Amino acid sequence: MNNFEVAAFFKKMASLLEFRGENPFRIKAYEKAARNIKSLDEELSAYYDQKGRVPKIPGVGQATKEKVAEILDTGTFREYEETVADIPPGILDILDIPGIGPKTAKLFYERLDVTSVDDLVKAAEQHRIRRLPRMGPGKEENILRSVQRYLENSERKRTPLATAVPIVELIREELNACPCIKELIDAGSLRRRKDTLGDINLLALSDNPEETLDCFANLSDITEVIDKNNDFCSVVYRGEVRIDLRIVPEESFGSFLQYYTGSKKHNRHLQYLALQRGYILNEYGFTNTEADDTIRCEEEKQVYDFLGIDYPVPELREDRGEIEAGMQNRLPELIEIGDIKGDLHVHSTWSDGKNTIEELALDARERGYEYIAITDHSPSTAIANGLSDKRLMEHAREVEKADENIDGIRILSGTECDIRSNGKLDYSNRLLENLDIVIAAVHAGLEQQEKTMTKRMVAALEDEHVDILAHPTGRKFGKRGAYDFDLEKVFQTALDNDKILEINSSPKRLDLNDTHARIAKEMGIKVAINTDTHRLDNFNNIRYGVDVARRAWLEPKDVVNTRKLKDIESLLGI
DNA sequence: GCCGTTTTCGGCCCGACTGTTTTCAGTCG
């Protein structure tokens with residue numbers, strides 16, 4: 001159980017208590033505990049395993065500490081379970097809908113007898129909501145829209161790549177103890193580095209398939225074995241993620257790897273090409289339709305060689321033109337992590353970051369970066385301790401000082417400036433023009449209608465001080481989709497005004513996503529891959545941003561922060 | 001439920017945005 005999961009219990013608990021109308025300060029205390037647990041640097045479970053107690057955390061007193069221990073021991077806590085049991089189950093779903101908080105859920109429950117999402121939809125459609133106090137037609141409409149989006153999201157519950165990767169690392173470590181496994185290889189969407197995974201696909205070479213699959217089925221944290229036979233086993237990890245392991249024969253390892261990497265569409269296209277040449281292509285290799293004789297590929301590349309296609313890396317295999325490009329020797333030279341020369345979106349202790357400007361700079365230098373931009377929040381994002389005008393000026397001076405004191409890396413002064421709901425920026429021109437870099441971002445008023453939101457974003461992109469639009473579509477995994485806005489218009493505005501669009505590497509965002517980043521590239525819009533770092537280890541998330549970029553066919557030249565310091569400076573007009 | 005005391009009980013309590021109001025409640029990051 002990680003900190004986010006522990007924090008989620010307390011956040012949820014706060015909602016439930018608010019729904020029941022309990023002491024607001026007790027509710028606040030739970031919210032605060034959740035916030036502080038989420039922003040801890042070390043993993044509670046690791047600390048607890050090692051020391052047998054819960055560390056001191058601000059806002060977490062004795063009572064909550066005991067609950068944390070209970071969660072780590074048992075996966076839940078008694079009071080939470082009792083509270084949940086006391087509330088109609090459908091209410092829990094309603095509380096998950098963005099825009100509907102505990103107070104609103106309570107109102108609907110008490111006045112309209114709404115105890116499920118279904119009830120809620122009916123109440124809205126029958127216009128019963130608009131008659132409630134402080135409700136009206138606009139509210140009713142917004143609620144219907146939120147519910148619709150919520151239902152769409154919950155239908156396709158996929159696992160974010162950044163959740164899957166650590167799980168696979170743990171499994172890999174545990175399976176190391178199993179001597180019969182010769183090699184364990186990622187396959188499927190995991191290998192293609194898709195941002196979310198339906199399930200995790202692994203392949204293994206083994207001398208003893210039976211024993212290997214037994215090892216696998218008995219891993220800790222496996223909560224269910226769905227299917228198991230001679231060369232295949234499918235399990236559920238912690239009741240959430242499905243993981244398939246398949247033992248593959250060495251003589252056709254390449255064919256298997258290619259086949260189980262997919263995607264389905266990519267494979268279907270290859271199968272069509274094979275058939276034109278008189279072969280059936282499947283996981284065993286190419287089978288001659290007449291002679292019934294199979295060519296097994298030991299190496300994956302042989303599959304492509306056989307069809308006369310340059311080898312496409314897994315990230316490209318979506319049948320979005322990579323097969324045609326491979327046939328014409330014009331596959332892109334994709335960007336790699338090593339190409340990244342700096343990070344243009346970093347938060348320090350001045351707003352909601354965990355590290356000082358110096359710590360960030362030294363760590364970035366250690367990573368071989370030539371530059372970073374310190375881009376703390378603006379006043380509108382108050383909960384993140386956004387910088388007032390006065391503090392912004394002090395901040396810039398502090399950055400300048402650090403830049404003078406630390407050799408080997410350039411530290412740029414910047415801001416992640418809120419785009420207010422009316423399209424105005426959170427700082428005046430006078431302040432913005434003193435900064436090296438200005439990132440603009442939408443953080444509030446996310447439910448605006450398409451026209452308003454588009455206008456708002458366009459206005460920001462037309463501002464001469466703005467360099468980058470951060471997390472342009474606003475999506476967050478498991479939370480909400482993109483803002484309602486005209487993507488084409490916003491992208492065109494970015495192009496016309498020579499602005500940079502961000503691929504935000506934060507695992508909960510990955511925004512732009514691969515298709516949007518590809519559109520940006522094709523339109524000729526510059527892209528930056530940033531981590532939005534709030535603490536040092538967030539710098540590691542760059543891998544996920546680069547994954548997105550690679551899936552979007554981006555080459556080093558498409559990404560501004562592959563440029564050397566002096567080129568980035570001239571690009572930013574410093 | 002937490003915290004910090006002129007120390008064990010009283011105060012805690014961001015601010016923009018939205019859709020309602022006719023001065024504000026609820027949600028969110």
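In this text the structure is predicted, and so the values were computed from the model without any measurement.
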With heavy atoms under 4.0 Å as the rule, sort A/Lys106 into base, sugar-phosphate or nothing.
nothing
Residue pairs passing the side-chain hydrogen bond (donor to acceptor under 3.5 Å, both in side chains) test where at least one lies in residues 83-100 of chain A, sequence neighbours excluded
A/Lys12-A/Asp96, A/Arg20-A/Asp86
Nearest-angstrom distance, C1' atom, B/dG26 to B/dT21
13 Å
Mind calculating the distance between CD (A/Glu141) and C1' (B/dT18) to the nearest angstrom?
14 Å
What salt bridge (charged side-chain N to carboxylate O under 4.0 Å, His left out) pairs are there with at least one residue in residues 416-435 of chain A, not counting sequence neighbours?
A/Arg420-A/Asp426
Within residues 120-129 of chain A, which residues have any heavy atom lying less than 4.0 Å from an atom of DNA chain B?
none
5' precedence on DNA chain B between A/Gln62 and A/Arg456 (nearest-nucleotide basis)
A/Gln62
Applying the Watson-Crick and G-U wobble criteria at under 3.5 Å, what pairs with B/dT8? Answer none if nothing qualifies.
none
Taking only residues two or more places apart in sequence, or in another chain, which ones meet A/Lys11 in a side-chain hydrogen bond (donor to acceptor under 3.5 Å, both in side chains)?
none
With sequence neighbours left out, write down each residue that passes side-chain contact (heavy atoms from CB on, under 4.5 Å) with A/Ile383, or none if nothing qualifies.
A/Arg35
Tabulate atom names and distances for all N/O pairs under 3.5 angstrom spanning the protein and nucleotides 8-11 of chain B.
none

Applied to residues 54-68 of chain A, the side-chain hydrogen bond (donor to acceptor under 3.5 Å, both in side chains) test, sequence neighbours excluded, yields A/Tyr30-A/Lys67, A/Gln62-A/Glu66, A/Lys67-A/Glu79
What's the CG-P distance between A/Leu425 and B/dA16, to the nearest Å?
16 Å
Under the criterion side chain to side chain contact (heavy atoms under 4.5 Å, CB included), I'd like the reasoning laid out for A/Asn142 against A/Arg145: C-alpha separation, chi angles, the key distance, then a yes or no.
CA-CA 5 Å; A/Asn142 283 347; A/Arg145 273 219 315 263; 3.5 Å; yes
Would you say that more than 12 heavy atoms from the other residues, nucleotides or ligands in this model lie under 6.0 Å from the CG of A/Asp113, or not?
no
Nearest-Å distance for atom pair CZ/P, residues A/Arg420 and B/dC17
7 Å
Tell me whether the side-chain N/O atoms of A/Ser421 come closer than 4.0 Å to OP1 or OP2 in B/dC17.
yes
With stacking defined as ring centroids separated by under 5.5 Å and planes differing by under 30°, is A/Phe25 stacked against B/dC12?
yes
Answer yes when A/Asp511 and A/Arg475 have at least one side-chain N-carboxylate O distance shorter than 4.0 Å, and no when they do not.
no
Across the strands shown, which category fits A/Pro379 at heavy-atom distances under 4.0 angstrom: base, sugar-phosphate, nothing?
nothing
Does A/Asn142 have a side-chain nitrogen or oxygen under 4.0 Å from the phosphate oxygens OP1 or OP2 of B/dG19?
yes
If you measure from the C1' atom in B/dG1 to the same atom in B/dT8, how many Å do you get, rounded?
14 Å
Only pairs under 3.5 Å count here: list side-chain donor-acceptor contacts from residues 487-500 of chain A, not counting sequence neighbours, and write none if there are none.
| from | atom 1 | to | atom 2 | distance (Å) |
| --- | --- | --- | --- | --- |
| A/Gln492 | NE2 | A/Asp496 | OD1 | 3.0 |
| A/Thr493 | OG1 | A/Lys489 | O | 2.7 |
| A/Asn497 | ND2 | A/Thr493 | O | 2.8 |
| A/Asp498 | OD1 | A/Lys526 | NZ | 2.5 |
| A/Lys499 | NZ | A/Asp463 | O | 2.9 |
| A/Lys499 | NZ | A/Val466 | O | 2.7 |

Quick one: A/Ile57 CD1 to B/dC3 P, roughly how many Å, whole number?
10 Å
Excluding sequence neighbours, so at least two apart, what forms side-chain contact (heavy atoms from CB on, under 4.5 Å) with A/Pro88?
A/Ile91, A/Tyr109, A/Thr115
Distance, rounded to the nearest Å, where A/Leu17 contributes CG and B/dC2 contributes P
13 Å
Could you check how far CE of A/Met135 sits from P of B/dT18, rounded to whole Å?
16 Å
Detail all sub-3.5 Å separations between protein N/O atoms and N/O atoms belonging to nucleotides 26-29 of chain B.
| from | atom 1 | to | atom 2 | distance (Å) |
| --- | --- | --- | --- | --- |
| B/dG26 | O3' | A/Thr104 | OG1 | 2.9 |
| B/dT27 | OP1 | A/Gly101 | N | 2.6 |
| B/dT27 | OP1 | A/Gly101 | O | 2.8 |
| B/dT27 | OP1 | A/Thr104 | N | 3.0 |
| B/dT27 | OP1 | A/Thr104 | OG1 | 2.5 |
| B/dT27 | OP2 | A/Lys103 | N | 3.3 |
| B/dC28 | OP1 | A/Gly99 | N | 2.4 |
| B/dG29 | OP1 | A/Arg480 | NH1 | 3.0 |

Interatomic distance, A/Leu132 CG vs B/dC24 C1' [rounded to whole Å]:
17 Å
Suppose you measure atom C1' in B/dC9 against the same atom in B/dG15; what distance do you get, rounded to whole Å?
30 Å
Among all residues two or more places apart in sequence or in another chain, which pass the ring pair (Phe, Tyr, Trp, His ring centres under 6.0 Å) test with A/His395?
A/Trp350
Starting from C1' on B/dG19, measure out to CD on A/Glu447 and report it in whole angstrom.
13 Å
Taken in chain and number order and not counting sequence neighbours, the residues that satisfy side-chain contact (heavy atoms from CB on, under 4.5 Å) with A/Thr349 are A/Thr356
